[in-house]
**Student:** 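One structure, as structure tokens, below. Some questions next.
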Amino acid sequence: NILEDDSSTREYQCTRLKTNNDGLVCYVLTPAIVNSNENPDIKVIFKGTDPSCAASVIRDIELRGAGSLSFAANATRILSQLNQAIKQFNQDKNPTQIPLSITFAGHSLGGADAQNALNATMNALCKVHGLERNEPARMPCPAPEELAQLALVNKLRLFTYNAAGVPSFTAKECDASAALLAELRTQNGSPKIQIESYN
């Protein structure tokens, strides 16, 4: 059970994503019940530094910023598993394909991972919607057919606490993706994909 923004509690199913780095720990939470009156929220939670795990501590001192190199090495894998989790969720709980949101969260090293995950997901959404970038993104991304479930996403949220910094190119990529995604509008002119960030 998770305490939500409105002080209610909701039951989620939790899945740990597989990575090739023991220090990169990520969980995807999908709602156990879908209320047709609201958009389901998929939560992607990254664990902060674990002092008892050498791989986690080593990620803190990566050259381009805490966790940035190891996250980039796992970005394609994480996005593919996120897409698969959404696909399973839609089959089991959301057959009417209600648009959904994704919330990324993390503390410390997990906060850096959450920022990198937001960047990777925004890059992926640009691909899914056929939006062309002026220059290629640095963050690896699966082929569009491996990201099809992301087409249902209409909101991205980021929550970090005492987050480690990310490389400047990550911020630039986020800005570029946000500008491209802002071009996508619904029939009434509002943004098709909302992006919120709380640090």
Side-chain angles (χ1 to χ4, degrees), residues 1-19 24-48 67 71 74-75 77-90 92-94 97-129 139 141 147-164 166 170-171 173-175 177-178 181-182 184 186 190-199:
N1 286 326
I2 301 287
L3 182 65
E4 298 285 19
D5 297 344
D6 63 1
S7 299
S8 65
T9 57
R10 175 165 292 154
E11 184 179 347
Y12 284 83
Q13 295 174 331
C14 181
T15 304
R16 182 173 174 173
L17 298 186
K18 295 179 175 79
T19 68
L24 176 54
V25 179
C26 175
Y27 298 91
V28 173
L29 286 74
T30 54
I33 298 169
V34 172
N35 180 344
S36 60
N37 297 330
E38 60 189 13
N39 292 12
D41 184 45
I42 307 294
K43 299 185 186 307
V44 183
I45 313 297
F46 291 91
K47 185 176 182 181
F71 185 92
N74 283 277
R77 191 173 194 185
I78 288 171
L79 285 171
S80 294
Q81 291 177 84
L82 176 57
N83 184 72
Q84 187 58 40
I86 293 171
K87 181 178 182 179
Q88 191 65 54
F89 168 73
N90 285 334
D92 296 346
K93 308 287 182 189
N94 188 27
Q97 307 284 290
I98 299 170
L100 51 89
S101 64
I102 301 177
T103 298
F104 300 95
H107 162 256
S108 184
L109 175 60
D113 289 332
Q115 292 173 81
N116 283 316
L118 174 69
N119 178 41
T121 304
M122 289 171 67
N123 288 339
L125 283 169
C126 288
K127 260 192 179 183
V128 166
H129 291 290
M139 188 66 71
C141 188
L147 301 168
Q149 298 301 311
L150 292 179
L152 277 180
V153 173
N154 70 356
K155 186 175 188 178
L156 296 172
R157 296 191 314 163
L158 172 71
F159 290 91
T160 67
Y161 182 73
N162 282 354
V166 293
T170 300
E173 282 188 6
C174 280
D175 286 345
S177 294
L181 293 170
L184 291 175
T186 61
S190 61
K192 188 169 183 179
I193 300 171
Q194 297 177 22
I195 303 166
E196 298 176 2
S197 178
Y198 303 92
N199 297 288

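Atoms considered below: every heavy atom in the structure, side chains included; atoms not considered: hydrogens, waters and symmetry mates.
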**Student:** If only side-chain N and O atoms count, and only distance matters, is there a donor-acceptor pair under 3.5 Å linking Ser108 with Asn162?
**Tutor:** no
**Student:** Kindly indicate whether the side chain of Asn90, heavy atoms from C-beta on, has any atom under 4.5 Å from the side chain of Gln97.
**Tutor:** yes
**Student:** Check the pair Thr9 / Asn1 against side-chain hydrogen bond (donor to acceptor under 3.5 Å, both in side chains), numbers first and verdict last.
**Tutor:** CA-CA 6 Å; Thr9 57; Asn1 286 326; 5.4 Å; no
**Student:** Tell me if a side-chain donor or acceptor on Lys93 pairs with a main-chain N or O of Ala32 at a distance below 3.5 Å.
**Tutor:** yes
**Student:** How would you list, by chain and number, every residue that makes a ring-ring contact (aromatic ring centres under 6.0 Å, His included) with Phe159, sequence neighbours excluded?
**Tutor:** Tyr198
**Student:** Between Thr170 (side chain) and Val166 (backbone), is there a donor-acceptor pair under 3.5 Å?
**Tutor:** no
**Student:** Please determine, by modelled atom types, if Thr121 and Asn123 share a side-chain donor-acceptor pair under 3.5 angstrom.
**Tutor:** no
**Student:** Have Gln88 and Asp92 got a donor and an acceptor in their side chains that come within less than 3.5 Å?
**Tutor:** yes
**Student:** Would you find a donor on one side and an acceptor on the other, under 3.5 Å apart, between the side chain of Ser101 and the backbone of Leu156?
**Tutor:** no
**Student:** How would you list all residue pairs meeting salt bridge (Lys or Arg N to Asp or Glu O under 4.0 Å) that involve residues 111-129, not counting sequence neighbours?
**Tutor:** Arg59-Asp113
**Student:** Ignoring hydrogens and angles, tell me if any N or O in the side chain of Gln81 forms a donor-acceptor pair with the backbone of Arg77 under 3.5 Å.
**Tutor:** yes
**Student:** So which heavy atom on Leu147 is nearest to which on Ala124, and how close?
**Tutor:** CD1-CB, 3.7 Å
